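The structure appears right after this line, and notes come after that.
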Amino acid sequence: MSDMITAELVDLDLDRSADTKEAAARALAERMAALGRVTDLDGFLADVAAREAQMPTGLDGGIGIPHCRSEHVTEPTLAFGRSAAGIDFGAADGPADLIFLIAAPAGADDAHLTILSSLARQLMNTEFTDALRSVGDAAAAAALIRGEEPEAPPESGTTDSVAAPVAASAGSATDTTEVEEARPFRIVAVTSCPTGIAHTYMAAESLENAGREAGVEITVETQGSAGFTRLDPAVIAAADGVIFAHDVAVREKDRFAGKPTVDTGVKAAINRPAELIAEVRGKAERGEATAAAASGPSAGTPVERAGGSGEGYGTKLRKWLMSGVSYMVPFVAAGGLLIALGFAIGGYEINEAPSVMDHFAWTQADSWGALLFQIGGVAFGFLVPVLAGYIAYGMADRPGLVPGFVGGAISLTINAGFLGGLAAGLIAGAVVLAIQRVRIPAALRGIMPVVVIPLISSAVVGFLMFVVIGKPIASAQKAMTDWLNGLTGANAVLLGALLGLMMCFDLGGPVNKVAYTFATAGIAVASPSDSAMKIMAAVMAAGMVPPLAMALATTVRGRLFNRTERENGKAAWVLGASFISEGAIPFAAADPLRVIPASMAGGAVTGALSMAFGATLRAPHGGIFVVPLIGNPLLYLVAIAAGVCVTTALVIVLKGLRKPAPDAAVTGPGEGTPTSATAKKQAVAA
């Protein structure tokens, strides 16, 4: 453990080689690479940059902690740099002069992560950071970070907090919360960040320190990369308030339901813990409490509470809509494929077959086709209610489900379709949030989530959908459907090109999902129009292009890609053929300025050709495995092949323009591509 940081991993004069956070990360990472701790310098820096893009790693007090988990790291490693001029890591109070680069292997064990988290806690100790600012040589700095005793014994009265071992248990700092048996106010808190290495534990330490100063008993559950130890239910039950300081979903969040809650980002707990404590005390005094809380990832829920610190309304709206889409897509895939199989077995007249409850012959293919078609139709019937219900869930957690589902079902009843579902979900979430802001007597809080909120919110949403906004939305839905049915010639080709651009812009991200949802909305009916099936075909074809093109490029010009990318290229064949656009993400993350424009160009070509050829598709997913169900399948494959060739050619040309630089990083075995200074900066920016 003691060699996690050595003198070779310390740079006390970082200004010589770095004046930006990217340059600082590279300078420290090069020291790791020189010791064999990092196997692929550019790959590791891309992982650091990806983590930095999620949330700036600068902290108040002049500290920068760029960090990540990466498959290019061989063992947990710390590198430390000191900058007299300071480097901007995005902290509110200005540049950082103490920079820690924390590298954890993708499969780091709990003991290593505990050491890294303990360093994060030590960074909240001003004596520790002051000592790092004054230390005179690299070896002494490394020893200080390791928590080793100084060579000369400390004078009497000197605190030992500066030399507190970094390898101490991450939970040891909470012992001081037991100094007093009773406190006038008790808080339980949960901290978590995307990587779960640094900010998670720094936030916990900051909250605990502020709690001691405020005379508040605070117990923190850190949900880090090494897992988490659940708070004792008795401690939660006795708490007067809750603080969630997180940038990823809180796991098992429903344990804290019914208590005054402050929900914010993890950096808020690091920078202004006293304000959060005062805020939760104020909520408790006013009787404000959450009616219920959504379960976290452990319960299979990908939706975290919207409205984190600093988010604008546009960001919140995107998250709400994507929460609905993410839950709807499995229904689309299952229902659509079942319907497509029903057509394949029973023919296109199978939609007129009687109910299988009235007639089902075990030995007749038509009966099996009718069965699959009717099961798929039932699954499709859930699309709009699920979309609306989980949009409301993304806004208001579990209380939003009932009015959201009710509003979505009403949307189908009044023929308002997907537009009605979107509106119903947003209205339901807003109504629930409004109800939750009303001060409720303590005696009624227990029945709020199961009786009062579902009753009132469903009534309000139903009234608005039936009486106020339902008819205008239904008219808009019909107008959009008629417009799609009228698309022919050049207009249809342009729409195909636009959808292809959208599918390849962010490879499974929000823009991609908008195009995909637009396509699936058109076929989510018993008898979709020919135009709707053409749109679905164009969308799926374009989405297959990026991963297939990356796979082809790594095959025909392997020297332009590193070893990891060549391995990813093998998997991309299968992912692309299965219509999983995310198969191209590793390539786009490493080289976005070349890969994304090339992918968009190929996607536009494929989308336009698919529409021009008149290819149709009833299934919303499946890739090449549903080609027999496609109208004009041969020309459809030609459209995909054309787009793949365009993207492959552009990627090869753009990557081939890179020229080797004298300071090119040494590549690993089999990685013969030199990396220019420009390409290095792009890898970091990725």
Side-chain angles (χ1 to χ4, degrees), residues 21 51-68 78 80 86-102 113 116-130 132-133 161 164 166 170-174 176-177 187-214 216 218-225 228 241-248 250 261-280 304-305 307-311:
K21 62 181 180 180
R51 169 61 188 88
E52 191 77 21
Q54 295 178 21
M55 182 181 68
T57 55
L59 303 174
D60 288 352
I63 298 172
I65 51 167
H67 59 279
C68 72
L78 303 175
F80 170 63
I87 297 172
D88 184 11
F89 275 85
D93 67 341
D97 61 332
L98 302 180
I99 295 92
F100 290 86
L101 179 61
I102 305 177
L113 292 174
L116 295 173
S117 66
S118 298
L119 168 67
R121 286 178 173 269
Q122 273 296 91
L123 290 176
M124 305 311 296
N125 185 332
T126 55
E127 293 183 3
F128 177 70
T129 54
D130 288 345
L132 286 176
R133 288 186 171 94
S161 60
V166 169
S172 62
T174 64
T176 56
T177 62
I187 297 174
V188 289
V190 176
T191 61
S192 63
C193 68
T195 307
I197 294 175
H199 288 86
T200 298
Y201 301 95
M202 298 177 78
E205 185 76 6
S206 180
L207 286 171
E208 289 165 359
N209 291 340
R212 285 192 292 271
E213 294 177 3
V216 170
I218 183 165
T219 308
V220 184
E221 176 179 291
T222 52
Q223 297 185 355
S225 293
F228 70 104
V242 180
I243 296 175
F244 293 135
H246 63 112
D247 291 314
V248 294
V250 173
T261 302
V262 170
D263 195 328
T264 186
V266 68
K267 291 188 74 173
I270 297 173
N271 297 331
R272 48 186 183 89
E275 294 181 23
L276 302 184
I277 292 173
E279 184 178 350
V280 76
E304 57 184 289
R305 180 176 294 275
S309 178
E311 287 186 349

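All figures in this text were calculated on a predicted structure; none of them were measured in a lab. When a residue number appears, it is its place in the shown sequence, counting from 1.
Qualifying side chain to side chain donor-acceptor pair (under 3.5 Å) partners for Asn209, counting only residues two or more places apart in sequence or in other chains: Arg212. Take Phe100 and apply the ring pair (Phe, Tyr, Trp, His ring centres under 6.0 Å) test, not counting sequence neighbours, and it matches Phe80. For Glu279, the side chain to side chain contact (heavy atoms under 4.5 Å, CB included) partners at least two apart in sequence or on another chain are Val262, Leu276, Lys283. In this structure, the side chain to side chain contact (heavy atoms under 4.5 Å, CB included) partners of Asp97, at least two apart in sequence or on a different chain, are Arg133. Listed by chain and residue number, Arg272 satisfy the salt bridge (Lys or Arg N to Asp or Glu O under 4.0 Å) test with Glu275 (two or more places apart in sequence, or in another chain). Annotation: side chain to side chain contact (heavy atoms under 4.5 Å, CB included) contacts of Ala210 (sequence neighbours excluded): Pro273, Ile277.
Between the OG1 atom in Thr191 and the CG atom in Leu207 there is a gap of 7.5 Å [rounded to 0.5 Å]. Remark: Thr222 OG1 to Glu205 CD distance equals 11.0 Å, nearest 0.5 Å. Distance check: Thr261 OG1 to Ile243 CD1 gives 9.5 Å after rounding to the nearest 0.5 Å. Atom CD of Glu52 and atom NE2 of His67 lie 8.5 Å apart (nearest 0.5 Å).
In plain terms, the two heavy atoms of Gly241 and Val280 that are nearest each other are CA-CG2, 3.8 Å. Closest of all the heavy-atom pairs between Ile218 and Glu208 is CG2-CA, 3.8 Å. A pairwise comparison of heavy atoms in Ala269 and Ala203 identifies CB-CB, 3.8 Å as the closest pair.
With His246 contributing its side chain and Phe244 its backbone, the two residues share no donor-acceptor pair below 3.5 Å.
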